[in-house]
Amino acid sequence: MMTSLALVGCNDDNDSTSNQTNPENPGEVVDPAQPNQNTVYGKLLSYDGQTPIANALVYAVASAEGANVSSHIAASTYSASSIQTMTVKSADSTTDADCGIAPANSLASTCTDTDGSYRLDLETSTNELQVQFKKGAFSAEQELTLSGTGSSTTEITQLEDTVLTEVPKMLVIEGAYDSIELILAKLGLADVDAADGDIIDSKFDIWESTDNLFVDSNNDGQANIFDYEVVFFNCGLDDESWLMDDDKRQMLKEYVDGGGRIYVSDLAYDVVEQTFPEYIDYYGSDETPTNQPEEDGSATTGEDSITIRSNIEPTLKSWLEEVTCTQGDCLNTDGTVTIDGFASGWARMNGVNSSENVDVYVSGQDSDGTMRPLTVGFNYGSGRVTYTSYHNEEGGDSYCYSLLLDETLDPEDYIACLEDPTEVTSIQISAQQRILQYLVFEL
């Protein structure tokens with residue numbers, strides 16, 4: 001929904017064709033052709049109207065120009081400075097900012113802070129503007145009407161929160177041991193049926209398997225995967241035999257290279273390893289060259305039911321400080337995050353290949369004493385790949401178990417929940433689920 005917002009300038013009842021006086025300083029004569037000075041504050045939130053969107057590109061353009069953001073996906077840096085609100089470079093600049101590149105005709109641009117807030121400093125004589133928001137596959141816009149006569153004073157306006165409404169075309173492939181769809185639901189993209197935990201009224205598609213992913217069902221000349229901007233592969237896919245098909249792997253590479261984004265969870269790791277082997281060093285097959293896929297399934301050696309106090313990168317850490325979790329603060333007192341719910345035989349990463357642009361969001365010490373990446377992401381062409389060794393829940397069909405894992409449900413109430421899930425009325429969120437929320441907007 002587009003919102004018309006008015007910024008009231010000085011002397012808006014006067015004739016704009018002649019010089020006027022500044023009512024705050026009657027002796028000052030101002031030129032109506034002088035650009036208006038406006039500082040605009042606001043905040044960008046997810047579809048739930050609560051979860052802040054950090055490090056999103058925000059820029060203003062004249063409405064008549066109808067400019068779109070550059071399709072370029074800037075390389076992630078995740079330095080400490082990236083969490084500060086900053087002016088981004090325009091498209092004619094050779095330097096990329098952390099949150100992307102604004103069009104060359106943008107009047108002002110910035111990045112949202114970790115709480116979703118932003119500030120735009122506008123100097124323009126144009127009245128009708130659009131404020132555009134861009135974060136990965138997600139976008140929004142607001143109409144903004146400026147009124148004024150060239151006052152030399154600066155109008156400061158606090159806008160209402162911008163809540164995402166436009167939804168990119170997304171597909172979730174179900175898995176036996178995970179359900180990223182519950183994370184999407186908690187972001188406001190679906191509802192959960194309290195009777196059985198099923199996803200209802202979703203703003204994304206859900207498929208039971210990958211059977212139709214690489215076929216052209218609508219005869220538009222391309223495989224179905226190209227109809228989506230984001231594809232989520234849950235842990236425990238129904239079938240992974242397609243990963244041994246050279247043509248289908250090549251199709252997946254072309255999808256990401258062209259701007260598609262994929263999210264992969266735990267045991268589905270071979271979606272990444274068999275297609276993009278040069279980015280992540282998974283456990284096993286040490287003799288295999290870095291740029292060649294290792295033997296499928298060789299990384300699934302992790303111990304189950306372990307808990308890891310994990311390190312997180314600075315931007316994510318700052319974002320977690322802005323949100324709350326089931327037990328209050330998402331961070332432990334030492335700044336780590338508690339990650340649990342690891343399934344038996346979870347896929348281990350040894351590390352990432354330093355020669356490639358791979359971002360490590362979460363890392364921690366495994367039960368074997370090894371420090372391992374637990375969540376990573378990398379750019380490929382114009383798209384992005386995100387992989388996480390842990391997931392939303394252990395057991396995709398267990399609504400009550402997911403509540404037990406994130407400590408919303410006490411152990412003594414677990415059986416009662418199984419008998420009557422409608423008794424559970426408060427669905428909160430764990431720290432690791434918050435991290436997965438953050439990752440959705442990194443796609």
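Hydrogens, waters and symmetry mates are skipped; everything else that's a heavy atom, side chains included, is used.
The two residues Tyr59 and Ser109 have their closest heavy-atom pair at CB-CB, 3.7 Å. Phe441 and Ser46 get closest at one heavy-atom pair: CZ-OG, 3.5 Å. In plain terms, the two heavy atoms of His391 and Ala343 that are nearest each other are NE2-CB, 4.1 Å. In this structure, Phe204 and Leu189 approach most closely via the heavy-atom pair CE2-O, 3.6 Å. Heavy-atom minimum distance, Gly116 versus Pro52: N-CB, 3.8 Å. Listed here is the closest heavy atom pair of Val230 and Ala137: CG2-CB, 3.7 Å.
No side-chain N or O of Tyr438 forms a donor-acceptor pair with one of Thr51 less than 3.5 Å apart. Between Gln437 and Lys186, the side chains place no donor N or O within less than 3.5 Å of an acceptor N or O (distance only, hydrogens not considered). Side chain to side chain, Gln130 and Glu143 meet the donor-acceptor criterion of an N or O pair below 3.5 Å. A donor atom on one side chain and an acceptor atom on the other are not found under 3.5 Å apart for Ser139 and Glu166. Using a 3.5 Å distance cut-off with no hydrogens or angles, the side chains of Asp121 and Thr39 do pair a donor with an acceptor.
The number of heavy atoms from other shown groups lying within 6.0 Å of CD (Glu321) is above 12. The 12-atom threshold is not exceeded at CG of Asp329, counting heavy atoms of other residues, nucleotides or ligands nearer than 6.0 Å.
The closest donor-acceptor contact from the side chain of Glu322 to the backbone of Trp319 lies at 3.5 Å or more, if one exists at all. Put simply, the side chain of Asn332 never gets that close to the backbone of Asp334: no donor and acceptor are under 3.5 Å apart. For the pair Arg384 (side chain) and Ile262 (backbone), a donor-acceptor distance under 3.5 Å is absent. Using modelled atom types, no side-chain atom of Lys134 and backbone atom of Val58 make a donor-acceptor pair closer than 3.5 Å. Under the 3.5 Å distance criterion, the side-chain polar atoms of Ser106 are matched with a main-chain donor or acceptor of Pro103. At distances below 3.5 Å, not a single donor-acceptor pair connects side-chain atoms of Asp205 with backbone N or O atoms of Leu171. Side chain of Asp266 to backbone of Ala347: a donor-acceptor contact under 3.5 angstrom is found. Listed for the Asn234 side chain is a donor-acceptor partner under 3.5 Å among the backbone atoms of Ile173. In this structure a side-chain-to-backbone donor-acceptor pair under 3.5 Å is present from Asp220 to Gln222. Within the 3.5 Å criterion, the main-chain N or O of Thr324 finds a donor-acceptor partner in the side chain of Arg434.
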Exercise for the section: Would you sort out whether Met170 and Tyr228 count as a side-chain contact (heavy atoms from CB on, under 4.5 Å), showing the intermediate values? Expected result: CA-CA 5 Å; Met170 299 189 295; Tyr228 295 93; 5.5 Å; no
task: Start with the C-alpha gap between Thr290 and Asn353, add the side-chain angles, then the distance that decides, and say whether side-chain hydrogen bond (donor to acceptor under 3.5 Å, both in side chains) holds.
output: CA-CA 8 Å; Thr290 300; Asn353 298 318; 4.7 Å; no
Next item on the list: Please report the C-alpha distance between Arg372 and Ser363 in whole Å, then the side-chain angles of each, then the deciding distance to 0.1 Å, and finally whether the side-chain contact (heavy atoms from CB on, under 4.5 Å) criterion is met.
Entry: CA-CA 6 Å; Arg372 301 186 185 281; Ser363 61; over 6 Å; no
message: Under the criterion side-chain contact (heavy atoms from CB on, under 4.5 Å), I'd like the reasoning laid out for Leu320 against Leu331: C-alpha separation, chi angles, the key distance, then a yes or no.
response: CA-CA 7 Å; Leu320 287 171; Leu331 299 174; 3.9 Å; yes
Worksheet item: salt bridge (charged side-chain N to carboxylate O under 4.0 Å, His left out) between Lys169 and Asp227: does it pass, once the steps are laid out?
Response: CA-CA 7 Å; Lys169 187 72 171 174; Asp227 296 334; over 6 Å; no
**OP:** I would like to know whether Lys135 and Glu442 meet salt bridge (charged side-chain N to carboxylate O under 4.0 Å, His left out); could you show each step before the answer?
**Re:** CA-CA 7 Å; Lys135 176 65 175 179; Glu442 290 293 287; 2.8 Å; yes
May I have the step-by-step check of side-chain hydrogen bond (donor to acceptor under 3.5 Å, both in side chains) for Tyr390 and Thr375, ending in yes or no? CA-CA 8 Å; Tyr390 56 92; Thr375 303; 2.8 Å; yes
Evaluate the side-chain contact (heavy atoms from CB on, under 4.5 Å) criterion for residues Ile183 and Tyr263: first the C-alpha distance (whole Å), next the side-chain angles of each, then the deciding distance (0.1 Å), finally the verdict. CA-CA 13 Å; Ile183 296 297; Tyr263 169 99; over 6 Å; no
Stepwise ring pair (Phe, Tyr, Trp, His ring centres under 6.0 Å) check, Phe276 with Tyr380: CA-CA 9 Å; Phe276 309 96; Tyr380 183 83; 5.0 Å; yes
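Of the candidates Ile280, Val358, Val360, Val360 is the only one forming a side-chain contact (heavy atoms from CB on, under 4.5 Å) with Pro373.
Between Phe342 and Trp346, the angle of the ring planes lies from 30° to 60°, which puts this pair in the tilted group. Taking the six-membered ring where the residue is Trp, Tyr282 and Tyr269 present tilted rings, their angle falling between 30° and 60°.
Using a 4.5 Å cut-off on side-chain heavy atoms (C-beta onward), Tyr255 and Val231 make contact. For the pair Asn212 and Trp207, the minimum side-chain heavy-atom distance is below 4.5 Å. Taking 4.5 Å as the limit, some side-chain heavy atom of Leu316 sits within range of a side-chain heavy atom of Val362. For the pair Arg119 and Thr110, the minimum side-chain heavy-atom distance is 4.5 Å or more. Under the 4.5 Å side-chain criterion, counting only non-hydrogen atoms from C-beta, Leu144 is in contact with Leu122. Side-chain contact between Val61 and Leu107 is absent, with no heavy-atom pair separated by less than 4.5 Å. When side chains are defined from C-beta on, Phe133 counts as touching Leu44, because their heavy atoms get closer than 4.5 Å. Residues Ile339 and Ile435 have side chains in contact (heavy-atom distance under 4.5 Å, counting atoms from C-beta outward).
Rounding to the nearest 0.5 angstrom, the gap separating the CD1 atom in Ile312 from the NZ atom in Lys317 is 6.5 Å. Of the inter-residue distances, the one linking Leu252 atom CG with Leu213 atom CG reads 7.5 Å to the nearest 0.5 angstrom. Note that OG1 of Thr336 is 4.0 Å distant from CZ of Arg309, once rounded to the nearest 0.5 Å. With values rounded to the nearest 0.5 angstrom, Ile180 atom CD1 is found 9.0 Å from Gln433 atom CD. How far CG of Asn291 is from OH of Tyr279: 11.5 Å, rounded to the nearest 0.5 Å. Taking CG of Asp359 as the reference point, atom OH of Tyr361 lies at 5.0 Å (rounded to 0.5 Å).
With sequence neighbours excluded, no residue forms a salt bridge (Lys or Arg N to Asp or Glu O under 4.0 Å) with Lys203.
Taking the six-membered ring wherever Trp is involved, the centroid distance between the rings of Tyr118 and Tyr41 does not fall below 6.0 Å.
At a threshold of 4.0 Å, the pair Asp161-Lys43 does not count as salt-bridged, since none of the basic side-chain nitrogens sits closer than that to a carboxylate oxygen.
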